[in-house]
Structures are given as structure tokens and as C-alpha cells.
Number of protein chains: 2
Amino acid sequence: MTVSADYLKDALETLKDSGVRITPQRHAILEYLISSMTHPTADEIYKALESRFPNMSVATVYNNLRVFREVGLVKELTYGDASSRFDFVTHEHYHIICEDCGKITDFQYPGLDEIEQFASHVSGYQISHHRLEVYGLCPECANNKVN
Amino acid sequence: MTVSADYLKDALETLKDSGVRITPQRHAILEYLISSMTHPTADEIYKALESRFPNMSVATVYNNLRVFREVGLVKELTYGDASSRFDFVTHEHYHIICEDCGKITDFQYPGLDEIEQFASHVSGYQISHHRLEVYGLCPECANNKVN
DNA sequence: TTCTAAATTAATAATCATTATTAATAAATA
DNA sequence: TATTTATTAATAATGATTATTAATTTAGAA
Ligand SMILES: [Mn+2]
Ligand SMILES: [Mn+2]
Ligand SMILES: [Zn+2]
Ligand SMILES: [Zn+2]
């Protein structure tokens, strides 16, 4: 069994355990999220599935992405003006975002928890989590600049 | 001269050097941003100034916040659904955000640049900057929870 | 100073991602 | 099978932000 299939199987299990019905639309959205490496927007998911589900509503995509987020299957990546992007949750990782083409690349970095300790110490907050993103030019876009 | 007045003087200088006219509206928005410790939204700025400028348009606030951002006087803090918040640029700092009341507290942390090195190394990106926020409960909200 | 061009403002319309509403449909359960 | 509940699809509403445009103000030239 492929890794993707494993992820999907576990995800469906999580839904079942949470009492969420597994509809064809939900199955397809999850499948697409897991297979996609591009952190798609709700609209991209909608468009990718419209051939298989010609009369699925875009609201259904939004609704189900929220359901997935609430049971912890999906993380929503929010930015300023543009639309949210969605990331199927596997391992903890950060993102590098290309300021030219918008590509989002995963990367892992060990031990940023000390900053939570520090922040808690200087502010008195009870810290729950943090968010970190790195911005720059992806190799392709950097290459396009010099040519 | 107070620190605030110094900031304002420098900001007006920056505007003049950039060829941006200093209108009463711009002066007031800058003044409010510098005095405010709350990282206000465009609408909060608009409402705070409406007694002094009864017929200022909210579009003027947005336009001028963009002007200030473009000349580097102001940073725009963007989150998911809610509206952008604006921070007058002084020293480099990060933010701790209360998940209950939305309060934003400044804090400084040394040496997070190594993560940019790391990200560049593993991804091949040309890194320009990063974004970090820490989330949790502010002391007041944490206190309200236990009572 | 007066004239002219450019910048800025105010008012308002438009945009667009997301959410709310609601009636129809499908699934679970008694 | 009958009834309740969840889900969907269609569509309207929301709300922050941007675009448009005419009026006003300002800066610089004559
Ligand atoms: Mn990711
Ligand atoms: Mn700040
Ligand atoms: Zn790129
Ligand atoms: Zn709080």
C-alpha cells in the first residue's frame, strides 16, 4: 500500500471516529489534498474536482475543509489578501514561500520551541503554538531574474 | 522632545524625502499610529479620527496606510479572516497574540537569522525575510479562565 | 500673483473570498 | 418502513479592501 493510501485510510478512520460521514465529496477532497503537493486553495480544489462532481457546490468544499480542520486533518494557511491554502497534516513542518510565483515549499527545522519558552517568560502569556514562514525567491524564479 | 515626537518628525522627513505630500489626514494617521500601542486596524484608525476629520473617507485611511507601507514607515500584519493591523516601524520585533482577546504584544528575540540560512541551504531559495508569531493566552485572559 | 498640471481626497461602486441560509437529498436509526 | 439527522447544492449575504471618478488642494511655472 502506498503512503498516500495509508494517509487516506487513516484520515477516513479519523472521520469515522469523529462521527463525520464519509461522503463521495469528502473522499475526493481528502484524496486530492493528500496527493497534491501544492497547498491548494478551496477554489483550486473545487476546480480540480468539477469534472468528477459537476454539480458540487463551492460551499461544500469550504464546509468540508472546515470540518477537516476541526478534526485536525488539515491546516489552513492564511495570508494577507489572497485566499487561504490548505495543507493535509502529516508531520510538523514550516514553509518557504516564493515571493514571485507563490510556490510553497516544506521544510523542517528542529527546536524552535525555545522561542515559546522565551516569549512566555518575557510576556507572561501561556503559549500554545507559533507560526513561522520564510520568504524569498525559489531557484526557478531566481534563475529567471538573471536571464 | 518626546520619543513619539521624534518618531513623528523622522516619519514626516521620510515622507518629504519620498516626495509624498504631508496632508492633515496623513499627519493625523501617523500621529495616531505612533501613539497607539494596539496595532490598530484601518477601521479603528478611521473611527479614532472621525471627530477631528468628520468627512474623511475610509478609503483615504487605506490609501495612506498603503503609502506608508510602501515607503517603509508601517508594517501590515495580516491574519486569516479578520482585517489587517498596522504597526509603525521602529525596531525589529516579533508578536505574541492572545487567542482570546486578540491583544498583540511586542517582544524581541535575538538570532533567528540562522533559520534563514538553514532554509536557504535545504531549499535553494534566496531568502529575503521571515515571519514569526507566537500564540497563546495573555495573563489577563488566562486569569479569567480559572475564576 | 496667477495659471496649469499633478497629487490627494471624498464619495461611492465594485470585487472577491468566505459564510449564512434554506430547501432538497441522502444516510442512519428506531 | 418511518423518522430523525446530516449533508449537499444553490444562492444570497457579508465585509474588508480596492477601483473609479469628480472635486479639491497643492506645487511649481510663468
Ligand atoms: Mn506544507
Ligand atoms: Mn508591534
Ligand atoms: Zn518562484
Ligand atoms: Zn487576552
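The sequence lines fix the lettering, A, B, ..., with proteins before strands; numbering per chain opens at 1. Since this is a predicted model, take the numbers as computed values, not measurements.
A straight line from CG of A/Asp43 to P of C/dT18 spans 9 Å, rounded to a whole angstrom. Here the P atom of nucleotide D/dA27 and the CG atom of B/Leu15 are 13 Å apart, to the nearest Å. For A/Lys16 and D/dT7, the NZ to C1' distance is 18 Å, given to the nearest whole Å. Atom-to-atom, CZ of B/Phe86 to C1' of D/dT17 comes out at 10 Å; the value is rounded to the nearest Å. Between A/Ile22 atom CD1 and D/dT5 atom P the separation is 21 Å, expressed in whole Å. Atoms CG (B/Asn64) and P (D/dT17) sit 15 Å apart, rounded to a whole Å. Atom CG of A/Leu65 is separated from atom C1' of C/dT19 by 14 Å (rounded to the nearest Å). Rounded to whole angstrom, the span from the CD atom of A/Glu44 across to the P atom of C/dT18 amounts to 11 Å.
The pair A/Glu31-A/Arg26 does not count as a salt bridge, with every side-chain nitrogen at least 4.0 angstrom from each carboxylate oxygen. We find that B/Glu76 and B/Arg66 are not joined by a salt bridge, their nearest charged nitrogen and carboxylate oxygen being 4.0 Å or further apart. At a threshold of 4.0 Å, the pair A/Glu44-A/Arg85 counts as salt-bridged, since one of the basic side-chain nitrogens sits closer than that to a carboxylate oxygen.
Atom SG in A/Cys98 sits 10.5 Å away from atom CD1 in A/Ile104 (nearest 0.5 Å).
Closest approach to the A/Arg26 side chain among C/dT9, D/dT17, D/dT7 is made by D/dT7 (side chain taken as heavy atoms from C-beta onward). Comparing atom distances between the B/Tyr62 side chain and each of C/dT8, D/dT17, C/dT18 picks out D/dT17 as nearest.
For B/Arg85 and B/Asn63, each mapped to the nucleotide of DNA chain D holding its nearest heavy atom, the one lying further toward the 5' end belongs to B/Arg85. Nearer to the 5' terminus of DNA chain C, by closest-nucleotide assignment, is the contact made by B/Val20 (compared with the other of B/Ala59 and B/Val20).
At D/dT25, none of the side-chain N or O atoms of B/Thr23 fall inside 4.0 Å of OP1 or OP2 (strictly under the cut-off). Listed pair A/Ser57 / D/dT11 fails the phosphate criterion, with no side-chain N or O lying under 4.0 Å from OP1 or OP2. Residue B/Thr60 places none of its side-chain N or O atoms closer than 4.0 Å to OP1 or OP2 of C/dT8. Put simply, A/Arg21 has no side-chain N or O that comes within less than 4.0 Å of OP1 or OP2 on D/dT8.
Looking at B/Ser123, its side chain does come within 3.5 Å of a backbone N or O of B/Ala119 through a donor-acceptor pair.
Nucleic acid contact class of B/Ser84 (heavy atoms, under 4.0 Å, all strands): sugar-phosphate only.
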